[in-house]
Amino acid sequence: MTTFVTKGPVAEAQYDLFMLTVWVTFGIFLLVGSVYIVAIIKFRERPNDDRPMPSQGHGNPLVEIGLIGASILLLVVIAVPTLKAIWFTHDTPDDPESYLGTWYSGEGLAEEEAENPLIVKVIGYQWWWAFEYPQLGITTANEMVIPAGKVVHLELRSVDVIHSFWLPRIAGKVDLIPGRTNSMWIQAGDNFARWKEKQALQGEGPELREQYATYLEEEIHDYYYGQCAEFCGESHARMLFRATVVGDDAFAAWVASEKEGHRPPDNKTWEEWYAVYDKNPDALTGDLNEGLKIFMDRGKCATCHVVKGNPRALGVAGPNLTNVGSRLSIAAGWLNHHTEEAVIDPEQQYENFYKWIDQTNVVKPGNLMWKANGGGIGELTDENGDLALLTDDEIHKLSLYLQSLQ
Amino acid sequence: MSHTETEIPTPKTNPTQEPEVLKAERSNLGMLRPDHNKSVIIDWLTTVDHKKIGIMYGAIALFFLLVGGLEALIIRTQLAVPENDLISAQRYNQLFTMHGTTMIFLAVMPLNAAFFNFLVPLQIGARDVAFPRINSLSLWTFVAGAIVINFGWLLQALEVMGLFEAKGATAGMTDLVPAGGWFGYAPLTSTDFSGAGTDFWIMGLQILGIASLSASMNFIVTIINMRAPGMKMMRLPVFTWMTLVTSLLIVFAFPAITVALGQLMFDRVWNTNFFNVAGGGQPILWQHLFWIFGHPEVYILVLPAMGMISEVLPTFSKKPLFGYSIVVFSGAVIGFLGFAVWSHHMFTTGLGKVATAAFSLLTMAIAVPTGVKIFNWVGTLWGGRVRFSAPMIFALGFVWMFMMGGFSGIMHAAAPADAQQQDSYFVIAHFHYVIMGGIFLALVSGIYYWMPKVFGKMWVGNLSTWVAVLVVVGLNVTFFPMHFLGLLGMPRRTHTYLEGFGWETYNMVCTIGAYVLAVGILLLLVDMVRCIRKGTPAGNDPWNARTLEWSTTSPPQAYNFAKTPVIPARDALWEHKYGPENRRITYEEDHGHGVHMPSQSWMPLIASIGFIPLGLGMSMMQAGVPFMGYVAIFGLVVVCVGLALWALEGPGGYHLHPEEG
């Protein structure tokens, strides 16, 4: 989560400006600080000091004006790059290399989007994130996926209170404010032209392209940490998110998998599965089938969650769970189950799902999934209306089912 | 020392004789005034003496400094290790909300007010402030606001002990302690997302605003009108100048938050739609109103500190303040520009390029007058005779630490860099360098400097050195690592954090520093108690100081100056002691009236007490507790009756005849 090691032009511009302010103020600090120390030491009172009374002068206008002038000059040194950086970081650049039509190899892209950059709608909820890709028709939650080296335009909205999108290594933050749409642009890694400029390379050619691809793969493809930066209520500390930066092909593959969604267990179609479920649910056996049944009825999960493919899991109050088993974390980045090489650790993953369902209110206090005016899993009841939370066995099966959504 | 040889007429009246000489008179309403009361408690409750009011402001402020400090220690303890569960998320949110609110409104502002009250009349050669009873109202209204804003803690304590439960008639009384941050951003403070604590917060701040506004107007009138003959504006001690600028800032800044809090109260109590998006409201409006108040508030906190430093440095350098007029002028410029930079708190809200650029440049501009002050302080030392007495040690520390806080301020002013720093620990580092390293050190310097005047006792021993070492080391160890924490991506206002981001060591160091700082502050209090209990008599002018307050007795008599001084020059006392013959302070002849003193009164206290049922009633009415509307109306009636009787009882007053020896 560091801002020192930047992985994109926005964070880089912000870091460069920061370092400029550091050096300028450090210079002033050395200058004023040393004069200050000299003054204290040189003019200290000595024991039995019988020197004459210091001159009672009230100051020197020339010195004053000179110092004011010098301060203004030093501020101009900071002000000009500040203005440049404000303009640079504000407007989404028009970069043909970043046009969807240039690099996106997946299907179903509308023609009028070919000359636009990728747009991601970031929507803040207490305390998780929805990431919608309107041009590609997919939605995911808490872990966004973006292509390396391409400009991505973000539209930021909130449904409840103010949140703030902060992906430190890639870009500084912009707030998500209810009732308005903010925007920002991010880019993980440099584009080809900027990369060449930095490497002092010129020309075109497949060799350079290959070198550039290697740079992206080695330095930019990564799993980036982000976090909500504006205090947004009880569990603000646990509103994290992640960005996975991948190559063009991997991105297209990810989109395809998100679009396709999931099938029910035993390789049935959803019609077949629901045909059995509606008439004789007991005939659906095995952990995954049981888990899916709990997802649909006892747990009421489908009321708030989408699982792409499942025609009856259409709730939008909670995070979209398509491919949730492929994500490296759950609970908005709080419960992690990946190794340092960003590979899923299945045992940890199972434990995290279990913990999250079992203790939603502990992992994320105040959370809507636990209590929602009678709709939460902390308020589940039996036929008599008595509190009847999910049993250990039910949570076990549900966790297995969620883990299978890969 | 040479100053003991000067002939400064010292009032010699023995104050213990007065109550026997004077009897309490009846007011216009026929009621006995509480003047010359034998009961110490009644005397302090009804006092209109700016010095007693100042001491009470100081004592209450120090109490809340400890409360806010304790809140900070719990916060730091929770953050010492990752994924700590010492306190719950919501408790943490309550603590940081109340830490900020307490430190700003209940510790630093009233501590500044303590100095305003005690010093301003003495520095300008006046008998008291212009409106002594309003001064009393300001103090007790501040106490009322403090009670309302902290009332949730009491209820929550009762809840924990099982003596209070949110059910039945009090079902709406949940979320009892304010937890929306000291900045209270809408819509988190709406009824959808927060409970009764927010109402206490709104009403408490509103009442505190009344206290601040009335006090400020009092000081503006006092400084403009009550100056002794010859005390021209450009001869005023710089602390009094900064009091004037601060008071003007309060008068112009507080209406913005008054309006914002009013709108928020309307939204919550009567379902209006100022900030409610579903009803067409705009949450961003709150941020603009809040920061139009909130940024000048920073200068409301810091300008008095700058004034104190501008008094201490010359005294202990044996030199006049370098560039007096430019220091005063830059103070005024800071105050003025302070109203033009509020949106730098909002760089990440999507202001657009032009607004971002404008606020960025204006914020940089404010560094110029601030830098001017630093240059002039260094210039004051240069060529002087620097004496390392306790007040000076803290003042020298102030300049250093404040300078560092200023540098990180310039880093924030560069808006794109701020996009990384905003709402991270970097910001916390920045403003704690300004508030703790700056304002707090200046206040400690002021305490060491003026306490001998306040209580007439000189400091005992060298505990101050330990205080200085522990406080300065403690706050650097606490706050310097926070710069790195912020740049390493740690957001603020988070009750815990995951392991593995490289934040663990920094957080542990910060927490250790916080405890060192706490020990330093406790030692300061020990030193103060020792001074009051065991101090040797201080004499009028223990520091060989420069300004008028040091020409009268320590502690000053109720009437301050036996005869009105006539001021011949800036740094009046210094010129009197060391200047040419024609710069001696002279005294106006007493034509037999003696000193006209204001009468004490119950009415300010009564009117202030009315704010408590008003505030609590309004808050609990919102939570649906029955009959609370009537309680609020009752409180309002008490306020009005108190003010009406105050108007009808007449000003009163009596004369003292300090004898001269």
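A, B, ... follow the sequence lines: proteins, then strands. Residue 1 opens every chain.
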Measuring only between side-chain heavy atoms, which start at C-beta, is B/Lys353 closer than 4.5 Å to A/Trp87? yes

Working to the nearest 0.5 Å, report the span between CZ of A/Arg238 and CD of B/Glu83. 7.5 Å

Given a strict heavy-atom distance threshold of 4.5 Å, which part of B/Phe407 is in contact with chain A: side chain, backbone, both, or neither? both

A/Leu17, A/Thr89, A/Ile86: which one forms the most heavy-atom pairs within less than 4.5 Å of chain B? A/Ile86

Which atoms form the tightest heavy-atom contact between A/Pro168 and B/Gln420, and what is the distance? O-NE2, 2.9 Å

Any donor-acceptor pair under 3.5 Å from B/Arg387 side chain to A/Arg46 backbone: no

Do A/Cys232 and B/Leu188 have side-chain heavy atoms sitting under 4.5 Å apart? no

So what's closer than 4.5 Å to chain A heavy atoms on B/Ile326: side chain, backbone, both or neither? side chain

Examine whether an atom of B/Ser317 lies under 4.5 Å from a heavy atom of chain A, and if so say whether it belongs to the side chain, the backbone or both; otherwise answer neither. backbone

Best-contacting candidate, A/Gly33, A/Ala13, A/Ser183, against chain B by heavy atom pairs under 4.5 angstrom: A/Gly33

At a heavy-atom separation under 4.5 Å, does A/Asp160 approach chain B through its side chain, its backbone, both, or neither? both

Interatomic spacing from OG in A/Ser55 to NZ in B/Lys318 - rounded to 0.5 Å: 14.0 Å

Engaged part of B/Phe426 at the chain A interface, taking heavy atoms whose separation is under 4.5 Å: side chain

Please classify the contact of A/Arg51 with chain B as side chain, backbone, both or neither, using a heavy-atom distance under 4.5 Å. both

Do the side chains of A/Thr25 and B/Met411 get nearer than 4.5 Å, heavy atoms only? yes

Straight-line distance of A/Leu240 CG to B/Tyr497 OH, nearest 0.5 Å: 14.0 Å

Need one label for B/Trp503: side chain, backbone, both or neither, based on atoms under 4.5 Å from any heavy atom in chain A. side chain

Evaluate the ring planes of B/Trp400 and A/Tyr36, with Trp represented by its six-membered ring, and classify them as parallel (under 30°), tilted (30 to 60°) or perpendicular (over 60°). parallel

I'd like to know whether B/Arg385 forms a side chain to side chain contact (heavy atoms under 4.5 Å, CB included) with A/Phe43, so could you lay out the CA-CA distance, the side-chain angles of the two residues, the decisive distance to 0.1 Å, and finally the verdict. CA-CA 5 Å; B/Arg385 190 74 35 85; A/Phe43 298 106; over 6 Å; no

Within-4.5 Å side-chain heavy-atom neighbours: A/His236 and B/His495: no

Looking only at A/Asn182, A/Ile28, A/Val38, most heavy-atom pairs under 4.5 Å shared with chain B are made by A/Asn182

Report, as yes or no, whether the 6.0 Å neighbourhood of atom CG on A/Asn373 holds more than 12 heavy atoms from other residues, nucleotides or ligands. no

Are A/Val63 and B/Phe375 packed together at the side-chain level, in the sense that at least one heavy-atom pair is separated by less than 4.5 angstrom? no

Tightest non-hydrogen contact, residues B/Pro187 and A/Ile162, listed as CD-CG1, 4.1 Å

Region of B/Ala278 in contact with chain A, defined by heavy-atom distances below 4.5 Å: neither

Do A/Glu45 and B/Phe316 have side-chain heavy atoms sitting under 4.5 Å apart? no

Which bit of B/Met346 comes within less than 4.5 Å of chain A, counting heavy atoms only: side chain, backbone, both or neither? neither

Per-residue tally against chain B (heavy atom, under 4.5 Å) across A/Ser158, A/Gly57, A/Gly366 peaks at A/Gly57

If every non-hydrogen atom of A/Gln56 is compared with every non-hydrogen atom of B/Arg546, which pair is closest and at what distance? OE1-NH2, 2.8 Å

To the nearest 0.5 Å, atom NE2 of A/His58 lies from atom OG of B/Ser325 at 9.5 Å

Does the side chain of A/Thr2 reach to within under 4.5 Å of the side chain of B/Leu487, using non-hydrogen atoms? no

Please look at A/Val5 and chain B and tell me whether the side chain, the backbone, both or neither of the residue comes under 4.5 angstrom of a heavy atom of that chain. neither

Whatever's closer than 4.5 Å to a heavy atom in chain A on B/Gln282 counts as side chain

Looking only at heavy atoms and a cut-off of under 4.5 Å, which of A/Ser164, A/Pro178, A/Gly179 has the most pairs with chain B? A/Pro178

So, do B/Tyr578 and A/Met53 sit near enough that their side-chain heavy atoms are less than 4.5 Å apart? yes

Examine whether an atom of B/Met364 lies under 4.5 Å from a heavy atom of chain A, and if so say whether it belongs to the side chain, the backbone or both; otherwise answer neither. both

Taking every heavy atom of B/Ala414 against every heavy atom of A/Thr21, the minimum-distance pair comes out as CB-CG2, 4.0 Å

So CE of A/Met1 and CG of B/Leu485: to nearest 0.5 Å the spacing works out to 11.5 Å

So which heavy atom on B/Ala357 is nearest to which on A/Leu83, and how close? CB-CD2, 3.5 Å

Donor-acceptor contact present, side-chain A/Thr3 to main-chain B/Leu488, <3.5 Å: no

Given a strict heavy-atom distance threshold of 4.5 Å, which part of B/Ile374 is in contact with chain A: side chain, backbone, both, or neither? side chain

Contact leader toward chain B among A/Ala85, A/Ser71, A/Ala11, where contacts are heavy-atom pairs under 4.5 Å: A/Ala85

Go through the atoms of A/Ala171 and report whether side chain, backbone, both or neither lie under 4.5 Å from a heavy atom of chain B. backbone

Between A/Pro54 and B/Gly383, what is the shortest heavy-atom contact and its length? CB-O, 3.3 Å

Taking the six-membered ring for Trp and the full ring for Phe, Tyr or His, determine whether the centres of B/Phe96 and A/Phe231 are under 6.0 Å apart. yes

Contacting region of A/Ile40 [heavy-atom separation from chain B under 4.5 Å]: both

So for A/Tyr225, is it side chain, backbone, both, or neither that comes closer than 4.5 Å to the heavy atoms of chain B? side chain

For B/Gln422 and A/Trp166, does a side-chain donor sit closer than 3.5 Å to a side-chain acceptor? no

Engaged part of B/Phe388 at the chain A interface, taking heavy atoms whose separation is under 4.5 Å: side chain

Which answer fits B/Arg570, side chain, backbone, both or neither, if we ask what part of it has an atom under 4.5 Å from a heavy atom of chain A? side chain

Examine the side chains of B/Asn376 and A/Glu64 and answer whether a donor and an acceptor come within less than 3.5 Å of each other. yes

Ranking B/Leu396, B/Ile410, B/Val277 by heavy-atom pairs under 4.5 Å to chain A gives rank one to B/Leu396

At a heavy-atom separation under 4.5 Å, does B/Leu361 approach chain A through its side chain, its backbone, both, or neither? side chain

Give the intermediate values and the outcome of side chain to side chain contact (heavy atoms under 4.5 Å, CB included) for residues B/Val372 and A/Leu67. CA-CA 7 Å; B/Val372 163; A/Leu67 286 171; over 6 Å; no

Is any NZ, NE, NH1 or NH2 atom of the basic residue among A/Lys173 and B/Asp423 found under 4.0 Å from an Asp or Glu carboxylate oxygen of the other? no

Side chain, backbone, both or neither: which part of A/Leu156 has an atom under 4.5 Å from a heavy atom of chain B? neither

Just checking, is any N or O donor in the side chain of A/Asp175 or B/Thr349 under 3.5 Å from an acceptor N or O on the other one? no

Less than 4.5 Å to any heavy atom of chain A: does that hold for the side chain of B/Phe347, its backbone, both, or neither? neither

